[in-house]
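In listed order, ligands and their atoms are each counted from 1.
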Amino acid sequence: MSLSYLNNPGSAYVHIPFCRRRCYYCDFPISVGGDRPPLVWLEEYVEALCTEITMAPVPSEPLRTVFFGGGTPSLLPVTLLGKILETIEQHLGIAPGAEISLEIDPGTFTYKQLTGYHKLGINRVSLGVQTFTEELLTIAGRSHSLEDSKKAIELIYDSPINNFSIDLISGLPHQTLEQWKSSLQTAIKIAPHHISCYDLVLEPTTVFAKQYEPGTKPLPTNTETAKMYQLADEMLTEAGYEHYEISNYAQPGYQCQHNRVYWQNKPYYGFGMSATSYVQRQRFSRPRTRQEYYTWVNHGGIIDSPKTSHPDLLLETLMLGLRLAEGVSFAQISLEFGQETLNQISSCLQPYYERRWVENIGSERFRLTAPQGFLFSNTILGALFEVFLNKPQRRRGRRETREGEY
Ligand code: SF4
């Protein structure tokens with residue numbers, strides 16, 4: 001096994017920060033611009049983005065995945081998306097057959113846009129449905145209706161794009177187990193290739209955090225959200241989806257290749273306001289407002305963060321790799337961090353093997369079990385953090401960001 005892949009990004013995340021309004025649970029760095037954000041904002045942003053892309057070091061091989069996340073990338077006209085992709089193609093290269101994903105929200109695109117995306121080479125879309133219960137859309141402050149979601153799904157099925165994912169959220173205020181079950185049933189009937197199920201976290205600066213107290217009604221209790229998690233595992237695996245990552249399910253052959261790069265702790269470029277890159281073991285987050293981002297680009301886009309330290313690298317590798325159903329390779333840990341480290345990991349995980357939250361896959365890999373190990377991932381990762389950093393971890397388990405956002 002060679003470690004050369006660690007220095008060669010094969011993926012790029014591109015952040016498009018514009019949204020119609022801010023959802024009540026969202027703390028992402030975005031610019032709220034109403035139904036049609038001013039074109040001058042979009043053009044100015046794309047100009048800076050393309051300048052940043054041309055300043056990136058050229059990889060030894062063309063990119064195998066590109067992910068446009070946000071925000072709401074479908075608020076960008078096709079011509080501007082084309083300009084970004086052309087810049088990536090010319091400067092970094094895009095491999096034939098590369099996965100090129102775009103996050104889209106119901107009510108923000110037309111059939112013509114979808115065919116335009118397809119002509120640009122976009123071959124995967126991820127639709128922010130969140131719930132198939134109308135009243136929960138209102139409670140969450142989403143800008144779309146159930147009718148918008150239905151139309152969006154019809155448009156996608158009519159379009160030439162044939163790799164389609166949807167996002168769902170569990171644990172919303174007032175959400176019942178029955179409503180969650182009904183959203184899952186609808187999702188199964190629609191049969192997208194990929195489904196992400198995220199568990200709501202009350203982020204401190206959000207409207208929800210001002211309205212609700214963690215652990216109290218109308219938020220579902222921890223027991224209820226654990227039941228929602230188990231129900232998703234049961235229903236989606238029964239319907240033929242692989243539970244391939246803590247929060248993600250895919251029909252065979254449709255795992256998100258871009259997100260797998262994050263979970264395998266491999267390097268990737270990040271472009272745009274607030275985007276994080278991981279190149280040469282240096283993780284760097286760009287400024288979180290548009291004006292600061294423009295200033296940073298105009299000053300040469302200098303990346304000045306230190307390289308990730310040894311214990312951080314190990315813990316990131318475990319924290320991300322254990323999200324995957326295929327788990328982590330013994331050989332990889334031994335090669336990168338040494339046999340002694342591997343022994344320490346095994347002894348730390350022993351109690352969790354006994355509870356069947358952790359298991360080996362033959363003699364090659366170890367993983368969290370689904371759904372029990374995934375459900376208790378915070379506890380297991382907490383134990384690893386205490387061993388290697390000698391301090392408790394922040395919450396790092398089930399709920400993460402939307403697909404593509406790191
Ligand atoms: S959740 Fe998504 S659509 Fe809603 S404000 Fe945040 S980034 Fe925009």
Side-chain angles (χ1 to χ4, degrees), residues 13-38 41-42 45 49 67-76 81 101-109 113 124-149 151-153 156 165-173 175 183 194-212 219 247-248 256 258-259 270-276 285-290 293 398-406:
Y13 172 75
V14 184
H15 191 68
I16 307 295
F18 305 99
C19 285
R20 288 177 288 179
R21 65 193 229 198
R22 185 177 282 282
C23 305
Y24 297 155
Y25 56 87
C26 177
D27 73 342
F28 296 151
I30 55 160
S31 295
V32 172
D35 282 351
R36 288 273 156 257
W41 287 15
L42 307 180
Y45 184 76
L49 198 53
F67 194 106
F68 289 93
T72 307
S74 44
L75 289 175
L76 217 53
L81 268 173
S101 298
L102 180 82
E103 286 187 339
I104 57 179
D105 272 336
T108 63
F109 60 90
Q113 260 172 281
R124 181 177 185 277
V125 289
S126 174
L127 184 70
V129 167
Q130 315 310 351
T131 169
F132 287 105
T133 306
E134 184 86 63
E135 68 194 79
L136 292 178
L137 286 173
T138 309
I139 285 169
R142 294 288 301 176
S143 20
H144 71 267
S145 64
L146 202 50
E147 192 51 34
D148 291 332
S149 295
K151 278 193 196 137
I153 290 162
I156 293 168
S165 176
I166 63 170
D167 285 354
L168 296 175
I169 305 185
S170 60
L172 285 166
Q175 190 175 32
S183 274
H194 186 280
I195 302 176
S196 300
C197 297
Y198 297 119
D199 181 27
L200 178 79
V201 168
L202 284 194
E203 300 293 355
T205 56
T206 59
V207 172
F208 269 5
K210 293 188 187 87
Q211 283 180 327
Y212 307 113
L219 289 170
S247 308
N248 287 282
C256 177
H258 181 84
N259 282 351
F271 297 119
M273 173 187 131
S274 82
T276 297
S285 294
R286 283 134 192 83
R288 290 173 69 86
T289 67
R290 275 187 297 140
Y293 171 65
R398 276 190 292 134
R399 167 68 176 129
E400 289 294 325
T401 57
R402 274 174 68 180
E403 201 184 5
E405 290 161 341
Y406 281 78

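Residue contact check for ligand 1: G128 places no non-hydrogen atom closer than 4.0 Å to it.
Interface atoms of ligand 1 facing C19, defined by a heavy-atom separation under 4.0 Å, are 3 (S), 5 (S), 7 (S), 8 (Fe). Remark: ligand 1 atoms within the under-4.0 Å shell around heavy atoms of R21 are 5 (S). Distances below 4.0 Å separate heavy atoms of F28 from the following atoms of ligand 1: 6 (Fe), 7 (S). Interface atoms of ligand 1 facing Y25, defined by a heavy-atom separation under 4.0 Å, are 1 (S). Taking every heavy atom of D105 and a limit of under 4.0 angstrom, the matching atoms of ligand 1 come to 3 (S).
Taking OG of S149 as the reference point, atom CD1 of I166 lies at 9.0 Å (rounded to 0.5 Å). Distance check, rounded to the nearest 0.5 Å: CZ of R142 to CG of L136 gives 12.5 Å.
A heavy-atom distance below 4.5 Å is found between the side chains of L127 and I153. Two residues are said to be in side-chain contact when any heavy atoms from C-beta on lie closer than 4.5 Å; L200 and P173 meet this criterion.
Using a 30° and 60° split on the angle between ring planes, Y212 and F208 fall in the perpendicular class, above 60°.
Looking at R20 against ligand 1, nothing comes within 4.0 Å, counting heavy atoms. With a heavy-atom cut-off of 4.0 Å, C23 touches ligand 1 through backbone and side chain alike.
Between the S74 side chain and the D105 main chain, a donor and an acceptor come within less than 3.5 Å of each other.
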